[in-house]
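Below is one structure, written out as structure tokens, with a few remarks after it.
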Amino acid sequence: MSIDSRPPTDPASTLDVRFRAAIHAVSSLDADPQIRPSTNPAFGDYQANAAMSLAKVTKGNPRELANALAACVDLTGIAEPAVIAGPGFLNIRLESAFIVAMLSAMDNATLGIEPTKETHAAVVDLCGVNVAKQMHVGHLRATIIGDTIARVFERLGRKVWRENHLGDWGLPIAMTLAALRRSHVDLDQLSLTHLNDAYRRAQLEGRHDDAGLAAARATDAGPHRLFELLAQEESAGEAIKDAKSTLLRLQGGDTEVVAAWQKIIDCTMREVYDSTSTLNAKVTAEHNRGESFFRDRLAPVVDAFLQAGFAKEDKGAIIVPFADRERPLLIRKSDGGFLYATTDLAALRFRTHDLDGSRVIYVVDARQRDHFKDVFDAAALIGWDRTKDGNKSEITHLGFGTVLGKDKRPLKTRSGENFTLKDLLDEAMERGVAEVTRRAEDPHAPTHGMPTADLTRIGRAVGIAAIKYADLSNDLTKDYVFDLDRMVAFEGDTGPYLQYAHARIANILAKSKDSASEIAATPHAVAEPAERALALHLLRYPQMVQDVARTLETNRIGAYLRTLAECFNAFYQSCPVLKSEDTTLRRARLRLCALARHVLQDGLSLYGIDAPERM
RNA sequence: GUCCCGGUAGCUCAGUUGGAUAGAGCAGCGGCCUUCUAAGCCGCAGGUCGAUGGUUCGAAUCCAUCCCGGGACGCCA
């Protein structure tokens, strides 16, 4: 699928080529040699697992085939002769000289990552805030997961569009606007608290919706939906008329209403940018492209589907039916209004065609899975899943799990009293600063005597790292229980653990009397097992980044970095660096330290986590 | 009712896409600092990988059927 080749500095790439040739020579097949890192260091560094599955195809004996491959494969200058084990595993131990050569090849600014050959853009839908609503912990996920995905593509040299698809248009906003106007709030003194109150009040005042109720009954919709609609019907009233007239004025370009609308957007976004900046997520004003941007493209969407014959009228509404399922996609309401599906179709077309995205990724709550399936399928019907030059785009809904409360029920904003994102970030930073300050009191601590401003900066970075790592290092698709104490833990498998490893390395390098040029001029060396293990893991970095771009599994970054930190800690334990009397050995170890620090910092940057020099 | 997602140690989770003896962290117990940073390292203990059957050299991973939990299901986003 990927047009990019395997990283040249990864030993698995070379082994793949050599074993592929051997398989071809032995069986005249072009098969995956199944090169994997060894599960146990006692077996060697890598293993080739192809013999077993290949024997199935050739109807041969797996051990004989493994024997033939071992005899045939050319590992000159790479590894010792392959050793057969078990049912047909081929165990491979690399030559140290080869590891050193690969290490030297990746020890530069690129860290072995070659720029992608893909010239089309990647588009990442992230953040997705609603105007007039405060960010809650769910927005944390949509923001930092999306930011990390974007950073990975950027790291591979790809053009990336971060799209913050704001909910800034339509009836909900009009309701809030109307509620604000009724309560005579001075819009120039507007605070997010005012906005939240108005939004909640507007929601409570409800929506009158008997067409929906009838449809829900007729189509045997779930009880949840019916309940909601019934609740709304009871509280319908004057508010809805006011909101609808406000919406009409907004859509008509009424200067007064548009000015008010702009003010509530500005007010909302001030705090959003505050939070994204704190999170070190690259989401700013330039990434805004909300629903209002697409308002003039909605009618053409419906027309296009009708003209192409993919849409039809049903009970006064316009729907796109699908061949393989009952549920259609509704793109125009019976009252002529458009829906979020309509906006999403317009946005998808814009992203593939106008932004030239051959990869479009929606970082949105997993509960919208069915909705996106429908939107993507509808787009495919009409051919909107293609870039300008007609290339098929890969469109993915990266649905992340719901954030649950301690009762394992979803945290709902309407309950009102749950943690806002701002509360969470403030708490994390406060704890981080307290911890860093406390540790700095130890006279032996490298942070001892540092100015308060520096300790605060480090403490905040530690707190934010804890939050981000806790989220990004788990399987994105799973729900998780929101537990503040666990999220801001600083020990064990945490963000600060990685920062600590980085600070340790940085401290060694800072204390070294050897100059950077002296270190860089010294050859790498991997004599000790801990050095070797560290080196082998460093060499896997470029492939890991490629894997994340392919699978969008951000937890692979965390797992890689944790293992890297573990490898370094083992090295730190058993291989003295500055205490080494031998100049060549000391400098070789310093060079390994420098490379490890570089990779750790680079990897943390994919998560948007700062790596302080001291902590 | 239809469809989707999940179930791994007491708790929270990994498991490199079918590989060798299922791994971490927290919690528990026991070790290691006159320090290249103990936010660390080493050890002990902890498992019917929801259940049953199947596919094969080999299954936590793939298939089938159940059980349990969660979610979505046309005029909200």
Side-chain angles (χ1 to χ4, degrees), chain A residues 34 36-40 43 47 49 52-53 55-56 62 85-89 128 130 167 170-172 207 209 211-216 218-222 224-225 228-229 232 291 314-317 319 325-330 332-335 337 339-341 343 366-371 373 399 401-402 404 408-410 435-436 439 442 444-447 462 473-475 477-481 483 486 489-494 496-497 499-501 503-504 507-508 511-512 540 543-544 547 551 555-556 558-560 562 565-566 569-570 572-574 576-580 593 614-615:
Chain A
Q34 299 182 39
R36 308 275 184 272
S38 283
T39 48
N40 185 336
F43 296 147
Q47 53 188 16
N49 295 344
M52 282 90 74
S53 51
K56 208 178 293 184
F89 295 108
N130 285 312
L171 201 55
R207 232 175 342 272
D209 191 3
L213 192 55
T219 56
D220 194 23
H224 176 76
R225 178 93 191 117
E228 278 195 344
L229 290 168
Q232 284 169 1
E291 292 168 347
D314 188 271
K315 300 187 189 75
I319 63 167
R325 54 185 175 273
E326 293 288 309
R327 154 174 48 95
L329 182 67
L330 197 58
R332 198 175 75 192
K333 297 192 279 186
S334 49
D335 68 1
L339 297 106
Y340 71 130
T343 313
R367 285 175 293 190
Q368 296 193 39
R369 187 173 287 126
D370 289 350
H371 163 69
K373 180 176 171 50
T402 310
L404 306 175
K408 303 229 170 186
R409 307 287 305 172
E435 192 66 15
V436 167
R439 288 168 191 268
D442 177 356
H444 294 295
T447 48
V462 167
S473 64
N474 279 336
D475 184 344
T477 61
K478 288 187 181 176
D479 293 351
Y480 73 81
V481 176
D483 180 345
R486 207 176 59 239
F490 301 146
E491 289 169 11
D493 183 10
T494 64
Y497 172 82
Q499 290 175 313
Y500 181 69
R504 271 181 154 180
N507 207 37
I508 292 176
K511 283 186 173 177
S512 164
R540 286 184 201 131
Q543 184 65 57
M544 182 279 292
D547 288 344
T551 63
N555 54 311
R556 287 171 186 255
Y560 175 88
R562 188 183 59 247
E566 281 166 2
N569 281 329
Y572 184 87
Q573 204 77 16
S574 61
V577 180
L578 298 176
K579 290 174 186 165
S580 290
C593 283
R614 278 186 279 174
M615 64 184 279

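Within every chain, numbering begins at 1; the chains are lettered A, B, ... in the order of the sequence lines, protein sequences first and strands thereafter.
Of the side-chain N and O atoms in A:Arg36, none sit less than 4.0 angstrom from OP1 or OP2 of B:A20. Residue A:Lys579 places no side-chain N or O under 4.0 Å from the OP1 or OP2 atom of B:U35. Phosphate contact (OP1/OP2 of B:G58, side-chain N/O of A:Lys56, threshold under 4.0 Å): absent.
Where A:Pro328 and A:Ala85 each meet RNA chain B at their nearest nucleotide, the meeting point lying more 5' is that of A:Ala85. For A:Arg332 and A:Thr551, each mapped to the nucleotide of RNA chain B holding its nearest heavy atom, the one lying further toward the 5' end belongs to A:Thr551.
Nucleotides B:U8 and B:G46 place their C1' atoms 14 Å apart, quoted to the nearest Å. Atom P of B:G47 sits at a distance of 14 Å from the matching atom of B:G23, rounded to the whole Å. Rounded to whole Å, the separation between the C1' atoms of B:U17 and B:G31 comes to 40 Å. Rounded to the nearest Å, the gap between the C1' atom of B:U56 and that of B:G19 is 13 Å. If you take atom C1' in B:C49 and the same atom in B:G15, they sit 11 Å apart, rounded to whole Å. Between the P atoms of B:A39 and B:A27, the separation comes to 14 Å (whole Å). Taking atom P in both B:U52 and B:C57, one finds a spacing of 24 Å when rounded to whole Å.
Residue ring and nucleobase are stacked for A:Phe43 and B:A20, with a centre distance beneath 5.5 angstrom and an angle between planes beneath 30°. Stacking between A:Tyr572 and the base of B:C36 is present: ring centres sit under 5.5 Å apart and the planes differ by under 30 degrees. Here A:Phe89 packs flat against the base of B:A20; its ring centre is closer than 5.5 angstrom to the base's six-membered ring, tilted by less than 30 degrees.
For the pair A:Gln573 CD and B:U35 C1', the computed distance is 12 Å after rounding to whole Å. In this structure, A:Asn569 places its CG atom 14 Å from P of B:C36, rounding to the nearest Å. Here the P atom of nucleotide B:G6 and the CZ atom of A:Arg367 are 16 Å apart, to the nearest Å. When rounded to the nearest whole Å, the span between CG of A:Asn474 and P of B:G23 equals 20 Å.
Under the Watson-Crick or G-U wobble criterion, with both distances below 3.5 Å, B:A64 is paired with B:U52.
A donor N or O paired with an acceptor N or O is found under 3.5 Å between the base of B:G74 and the side-chain atoms of A:Asp314.
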